[in-house]
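Each remark here refers to the structure printed beneath this line.
A, B, ... follow the sequence lines: proteins, then strands. Residue 1 opens every chain.
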There are 2 protein chains.
Amino acid sequence: MSPPLHISISEKLRHQIEAGVYASGDRLPSEHQLMETFSVSRITARQAVANLVSQGLAIAYRGKGVFVTPQKKVTYSLSSPLVFLEQDMARQGIAFSFENLVFEPIAAPRDAAVALGIDKASSVYLQKKLFRMDGAAGAVDVSYLIADLGDRFAPLLERQMTFPILAQHGIPIDHLDAVIECTHADYDLSGYLEVPLGHALMVYRYTAYSSNQRPVLHGSTISRADRFCYSLSTRAGASD
Amino acid sequence: MSPPLHISISEKLRHQIEAGVYASGDRLPSEHQLMETFSVSRITARQAVANLVSQGLAIAYRGKGVFVTPQKKVTYSLSSPLVFLEQDMARQGIAFSFENLVFEPIAAPRDAAVALGIDKASSVYLQKKLFRMDGAAGAVDVSYLIADLGDRFAPLLERQMTFPILAQHGIPIDHLDAVIECTHADYDLSGYLEVPLGHALMVYRYTAYSSNQRPVLHGSTISRADRFCYSLSTRAGASD
DNA sequence: TAAGCTCACTTGTTATGACAAGTTGATCGC
DNA sequence: GCGATCAACTTGTCATAACAAGTGAGCTTA
């Protein structure tokens, strides 16, 4: 009938957060304080905190305390015509930068080969980038670029975003096919994106086609759910 | 340097799941078996299992055991022209049904009033529906319908989906503005959607406009991330 | 003053123990 | 044969205990 103790405690804290008792970035009571306030053991107090963390409402730092998750969300417009991520961030007053993690030619994995319409053994360029918004890690992008374009723009690709490079050299992206889904952070991603294990992440899986209908780039952008969302309109010619 | 014990164990199990040692729906070793296999306490074994659950890879049932999460994903196309959810499910061979949880006129909350372009005190119809896919809970939809349409189609709205009703009576939806984001299940939602606390959920927040550019429906579809994804194409006139 | 150290406080990891509660199959009694 | 009961196994909840490890303030010392 009545929920377990740790749920009662975390629900109470959740309501207090939503009511503004604890504001964004505020420090929550320590485990020891929760133990005394609710007369429970540390196990139960920890479980209550873990519930909040798993709901994305709080984040714990060893040695410092537990803090209400700051919610600063960036919107990326998916409506055509294609808007460049950097420009979209700039319009919202976000300082955007990226760190190149990997850039190297490899044999195409199965899914990339299928999406790009090439043989499985063919060469493609694997790109891994870490996107930063206002300095904080916001997304990881893993993509596969067809070999001829990778060869041609190799030095540029490590310093600039792919779509703008292509556009500036007369190879604009004509359209994208995309799937948006949602997943949980595994151990590696939780390290890159500075989120707890299991944190919700958005996955934007795309295949980009050049104007002659040839697929040129296939990849996934995996972003922090608390920092990123996608907007779209089915209105013809919507620009926002 | 080396990760804690519970991470090592859950990562090992994760690799085994991904390698197919444990297939979708298979039962994982019990906590007691993990304790013996890895020579750890129950706390550590439980933490390892909790890691898998928080990553959406497994689900635990009291009295039964821990099982690999069955992954059966349904895709909903967001490309215009608007496709009805029921039809999109049917095309993928999914039995779709919904349960009407709430249908009543209320004073418009702030966000609905803004989205629908009406005064805050105005009346709107609050609808809450639970969507089922192949019998299992898949999504919760909470929406606000403008009063005159609610009055007019009141009896129908409790049994049928809103967009088809409107379309059949000469009020087709012209276009949608939408935002796709991602959140974590709170205590209530975890009950409705039969997922663990903190499980990743997709949120599709929409405002629908009739052909005279009037906003008629505003709401959110909150769906299980392991059962639902959205597809879209920026290709002009894409139908799939 | 400035560098470094210590200490108090924080969360993280792990062990042991106990009872609650849900499931399932075997066994017993009719 | 069939239903009820029980025993074994499962995960869930909660307590006590100890040590590891990161942070930060304040003190000590050069």
Side-chain angles (χ1 to χ4, degrees), chain A residues 1-13 17 22 25-69 185 187 190-191 194-199, chain B residues 1-13 17 22 25-69 185 187 190-191 194-199:
Chain A
M1 195 66 73
S2 66
L5 276 176
H6 63 87
I7 293 279
S8 313
I9 298 172
S10 61
E11 284 290 285
K12 180 157 188 174
L13 289 170
I17 291 169
Y22 301 104
D26 276 7
R27 186 174 163 200
L28 292 174
S30 72
E31 293 172 359
H32 193 74
Q33 288 173 306
L34 291 179
M35 287 169 68
E36 293 194 338
T37 305
F38 296 96
S39 303
V40 294
S41 73
R42 198 180 158 207
I43 290 260
T44 305
R46 271 184 75 73
Q47 183 67 54
V49 172
N51 292 341
L52 295 176
V53 171
S54 82
Q55 289 173 77
L57 293 170
I59 176 128
Y61 299 98
R62 181 190 290 200
K64 296 172 81 173
V66 181
F67 300 83
V68 178
T69 306
Y187 189 59
S190 71
E194 300 162 12
V195 293
L197 192 67
H199 193 90
Chain B
M1 197 65 73
S2 66
L5 274 178
H6 63 88
I7 293 280
S8 312
I9 297 173
S10 61
E11 283 291 283
K12 181 157 188 175
L13 288 170
I17 290 169
Y22 301 105
D26 277 7
R27 186 172 163 201
L28 292 175
S30 74
E31 293 173 358
H32 193 76
Q33 287 173 307
L34 290 178
M35 286 169 69
E36 294 195 337
T37 305
F38 295 98
S39 303
V40 295
S41 73
R42 199 182 156 207
I43 290 262
T44 305
R46 272 184 75 73
Q47 184 66 52
V49 172
N51 292 341
L52 296 176
V53 171
S54 82
Q55 291 174 77
L57 293 170
I59 176 127
Y61 299 98
R62 183 192 288 201
K64 296 173 80 172
V66 181
F67 301 84
V68 178
T69 305
Y187 189 60
S190 71
E194 300 162 10
V195 293
L197 192 67
H199 194 92

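In this structure a side-chain-to-backbone donor-acceptor pair under 3.5 Å is missing from A/Ser190 to A/Ala185. Of the possible donor and acceptor atoms, none in the side chain of B/Glu36 sits under 3.5 Å from a partner among the backbone N and O of B/Gln33. Side chain of B/Glu11 to backbone of B/Ser8: no donor-acceptor contact under 3.5 angstrom is found.
Counting any heavy atom pair closer than 4.0 Å across all strands shown, A/Val49 reaches no nucleic acid atom.
Here the side chain of B/Val66 is nearest to one of D/dT11, C/dG12, C/dT14, namely D/dT11. Minimum atom distance to the side chain of B/Lys64 is reached by C/dT23, of the listed D/dA15, C/dT16, C/dT23. Checking D/dT11, C/dA15, D/dT16 against every side-chain atom of A/Ser41, the shortest atom distance belongs to D/dT16.
Regarding contacts with the backbone of D/dA15, a side-chain N or O of A/Thr44 is found under 4.0 angstrom from either OP1 or OP2.
The distance between atom NE2 of B/His32 and atom C1' of C/dA18, rounded to the nearest whole Å, is 16 Å. Protein atom CD1 of B/Ile43 is 11 Å distant from nucleotide atom P of C/dT14, rounded to whole Å. Note: CZ (B/Arg46) to C1' (C/dC19) measures 13 Å, nearest angstrom. Here C/dT11 presents its C1' atom at 6 Å from CZ of A/Arg42, a figure rounded to the nearest Å. Rounded to an integer number of Å, the gap from CZ of B/Arg27 to C1' of D/dT10 is 7 Å. Rounded to a whole Å, the OH atom of B/Tyr61 is 12 Å from the P atom of C/dT23. One can place CG of B/Leu52 at 12 Å from P of D/dT11, the figure rounded to the nearest angstrom. In this entry the distance linking CD1 of B/Ile59 with C1' of D/dG12 reads 14 Å, nearest Å.
Here the closest non-hydrogen pair linking A/Leu28 and A/Val68 is CD2-CG2, 4.0 Å.
DNA chain D is contacted by both A/Gly63 and A/Ile7; A/Ile7 maps to the nucleotide lying nearer its 5′ end (nearest heavy atom per residue). Ranked by how close their nearest DNA chain D nucleotide is to the 5' end, A/Leu5 and A/Arg62 are led by A/Leu5.
Atoms CG and CD1, on A/Asn51 and A/Ile9 in that order, are 9.5 Å from each other to the nearest 0.5 Å.
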